[in-house]
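First up is the structure itself, then whatever we jot down about it.
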Amino acid sequence: MVARSSEVRPSAVRHSPYSGAGGRRVRGAGRLAGLGLGGAALLVLLTGCDVGAAFGGFGWPQGGITPEANRMYDLWIASCIAALAVGVFVWGLIFWCVVRYRKRGNELPVQTRYNLPMEFLYTIAPILIVSVLFYYTAIVQTDVGKTSRDPDVTVEVVAFKWNWQFNYRDGQGVEANTVASVLGTSEVIPILVLPSDRSIRFEETSRDVIHSFWVPEMLFKRDVFPGSIRNVFEVSKLEGEGAYVGRCAELCGTYHAFMNFELRVVTPEKYDQFLAAKQDGRSTQEALTAIGEDPYATTTEPFDTRRTEANFNPDKSASGSGN
């Protein structure tokens, strides 16, 4: 006979919410939630400050002077922030797996186990990211590339080895007439004078090989093709008056690196005065002086032709000596 006091009673067992498979799932969900919150906090932190200025625009030219340039800059910065957020999230998962599933013995882990939430994540997330980037890229590209029927100013950009000619036109297309022209030489940098707050159409053509018209603060580079192809684009307006360097961004020959020009943005009133002076027969330098502008380029210098005796005969030997 067993005494009542000596009866063995089942002890009350407290089940921890973190024990067993259920606990592992809770801990895993908590870690994933922490990673998600950390990524969201990082994204808010990055978007709350001027990330472009802090990181040099991530390689994109800053200080855009057209609405189109600013829209492309914003798209570029947003894409870089999204890429960084995804990168931080992926790196976090990698290091978490390294620590969480590090080797703890000689027993081989289960090789056929799968994780449906994780597989769903790395299958759907990339599709969503690419879709969002494609959507906004298509919108900005369509907006930047559109042209109007009647722009305020039309300029024909003519490229040749290794300089530029800018023709102010009275209409669009090859049938339009040139009312004034600016021609660059080896001694004088060509200056493209344009008004602020007016829509401007650029029609590009080349006399020899492919060049590329590029003002970093104005818009992306556009190739200039020879023959009957005319590359056309527009900017809705120029927002900042001043002088901006322009370059050829396509390797076109020996003096490609020196094939520069200058964009001079002035008020609409000064632009009209400049164009009238050119039509009266004044030179570009005289017309610029007449409107109170510097007659010569201030952002770049004429290229050195290097056609000197020292260049062709470094040792100053007489020509025909066989050296």
Side-chain angles (χ1 to χ4, degrees), residues 65-66 150-208 211 213-219 222 224 230-248 255 258-305 307:
I65 59 174
T66 66
D150 189 22
D152 298 325
V153 178
T154 300
V155 177
E156 182 184 47
V157 177
V158 182
F160 58 93
K161 292 182 179 180
W162 283 276
N163 226 306
W164 303 87
Q165 180 178 358
F166 305 116
N167 299 324
Y168 297 89
R169 312 276 278 180
D170 61 2
Q172 293 82 46
V174 295
E175 297 82 8
N177 299 313
T178 297
V179 298
S181 182
V182 174
L183 177 64
T185 66
S186 299
E187 292 76 28
V188 179
I189 291 290
I191 299 178
L192 174 59
V193 180
L194 292 175
S196 59
D197 299 321
R198 290 185 182 178
S199 59
I200 302 167
R201 179 187 181 99
F202 296 87
E203 299 182 353
E204 303 173 342
T205 184
S206 172
R207 292 290 180 259
D208 35 52
H211 300 275
F213 180 85
W214 184 39
V215 180
E217 293 84 1
M218 187 180 68
L219 201 60
R222 282 294 184 100
V224 186
R230 297 174 72 85
N231 206 347
V232 177
F233 71 96
E234 288 186 14
V235 295
S236 56
K237 64 178 179 178
L238 296 171
E239 299 174 325
E241 298 175 10
Y244 306 92
V245 65
R247 308 183 186 279
C248 174
Y255 294 104
F258 306 99
M259 188 175 167
N260 296 338
F261 63 94
E262 181 171 286
L263 169 65
R264 192 77 59 84
V265 182
V266 298
T267 63
E269 295 75 20
K270 284 187 175 182
Y271 170 77
D272 294 336
Q273 296 171 8
F274 170 82
L275 203 58
K278 289 288 293 180
Q279 290 174 327
D280 289 340
R282 297 190 185 184
S283 67
T284 302
Q285 282 64 47
E286 292 172 342
L288 284 169
T289 302
I291 63 174
E293 291 286 326
D294 196 311
Y296 295 98
T298 60
T299 60
T300 185
E301 299 177 355
F303 64 82
D304 183 5
T305 60
R307 295 170 183 170

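Residues take their numbers from the sequence shown, with the count starting at 1. All figures in this text were calculated on a predicted structure; none of them were measured in a lab.
For the pair Val224 and Asn231, the minimum side-chain heavy-atom distance is 4.5 Å or more. By the 4.5 Å heavy-atom criterion applied to side chains, Leu288 and Asp294 are not counted as neighbours. In this structure, the side chains of Ser206 and Phe160 stay at 4.5 Å or more apart for every pair of heavy atoms. A heavy-atom distance below 4.5 Å is not found between the side chains of Val157 and Thr205. Contact of the Phe202 side chain with the Leu192 side chain is registered, since non-hydrogen atoms from C-beta on lie closer than 4.5 Å. With contacts defined as side-chain heavy-atom distances shorter than 4.5 Å, the pair Ser181/Gln165 qualifies. Put simply, the side chain of Ile65 reaches to within 4.5 Å of the side chain of Tyr244, judged on heavy atoms. Residues Phe258 and Asn163 have side chains not in contact (no heavy-atom distance under 4.5 Å, counting atoms from C-beta outward).
Under the side-chain hydrogen bond (donor to acceptor under 3.5 Å, both in side chains) rule, Thr154 has a single partner from Glu234, Glu203, Arg169, Gln172, which is Gln172.
The local environment of CD in Glu301 is sparse, with at most 12 non-hydrogen atoms from other residues, nucleotides or ligands closer than 6.0 Å.
The two residues Pro195 and Pro268 make their nearest non-hydrogen contact at CB-CA, 4.0 Å. Residue Ile291 comes nearest to Lys270 through the heavy atom pair O-CE, 3.4 Å, listed as atom of the first residue, atom of the second, then distance. Of all non-hydrogen atoms in Gly246 and Val215, the two that sit nearest each other are CA-CG2, 4.1 Å. The heavy-atom pair separating Ile191 from Val182 by the smallest distance is O-CG1, 3.6 Å. Nearest heavy atoms, Ser186 versus Pro302: O-CB, 3.2 Å.
The distance from the OG1 atom of Thr267 to the CZ atom of Arg198 is 9.0 Å, given to the nearest 0.5 Å.
Side-chain atoms of Thr66 come within 3.5 Å of backbone N or O of Met218 as a donor-acceptor pair. Side chain of Asp208 to backbone of Lys161: a donor-acceptor contact under 3.5 angstrom is found. No donor-acceptor pair closer than 3.5 Å links the side chain of Thr178 to the backbone N or O of Ala180. The main-chain N or O of Ser199 is found under 3.5 Å from a side-chain atom of Asp152 such that the two form a donor-acceptor pair. Checking side-chain atoms of Asp170 against main-chain N and O of Asn177 turns up a donor-acceptor pair under 3.5 Å. No side-chain donor-acceptor contact under 3.5 Å links Asp280 to the backbone of Arg282.
Side-chain contact of Glu262 with Asn260: a donor-acceptor pair under 3.5 Å is absent, judged by distance alone. Lys278 and Thr284 share a side-chain donor-acceptor pair at under 3.5 Å.
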Derivation of the side chain to side chain contact (heavy atoms under 4.5 Å, CB included) call for Val155 and Asn167: CA-CA 6 Å; Val155 177; Asn167 299 324; over 6 Å; no

Go through it in stages, so that I can follow the logic: the residues are Glu204 and Arg222, the test is side chain to side chain contact (heavy atoms under 4.5 Å, CB included), and I'd like the CA-CA distance, side-chain angles, deciding distance and then a yes or no. CA-CA 9 Å; Glu204 303 173 342; Arg222 282 294 184 100; 3.5 Å; yes

Go through the steps to decide whether Tyr296 and Gln285 satisfy the test side chain to side chain contact (heavy atoms under 4.5 Å, CB included), and finish with yes or no. CA-CA 7 Å; Tyr296 295 98; Gln285 282 64 47; 3.6 Å; yes

Check step by step if side chain to side chain contact (heavy atoms under 4.5 Å, CB included) holds for Asp197 and Leu238. CA-CA 6 Å; Asp197 299 321; Leu238 296 171; over 6 Å; no

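Under the 30°/60° scheme for interplanar angles, the aromatic rings of Tyr168 and Tyr271 are found to be tilted. Note: Phe166 and Phe261 have perpendicular aromatic rings, judged against thresholds of 30 and 60 degrees for the angle between ring planes. Using cut-offs of 30° and 60° on the angle between ring planes, the pair Phe213 and Phe233 is tilted.
Between Glu293 and Arg264 there is a salt bridge, since at least one side-chain N of the basic residue sits less than 4.0 Å from a carboxylate O of the acidic one. A salt bridge is defined here as a Lys NZ or Arg NE, NH1 or NH2 lying under 4.0 Å from an Asp or Glu carboxylate O, and Arg201 with Asp150 fails to meet this definition.
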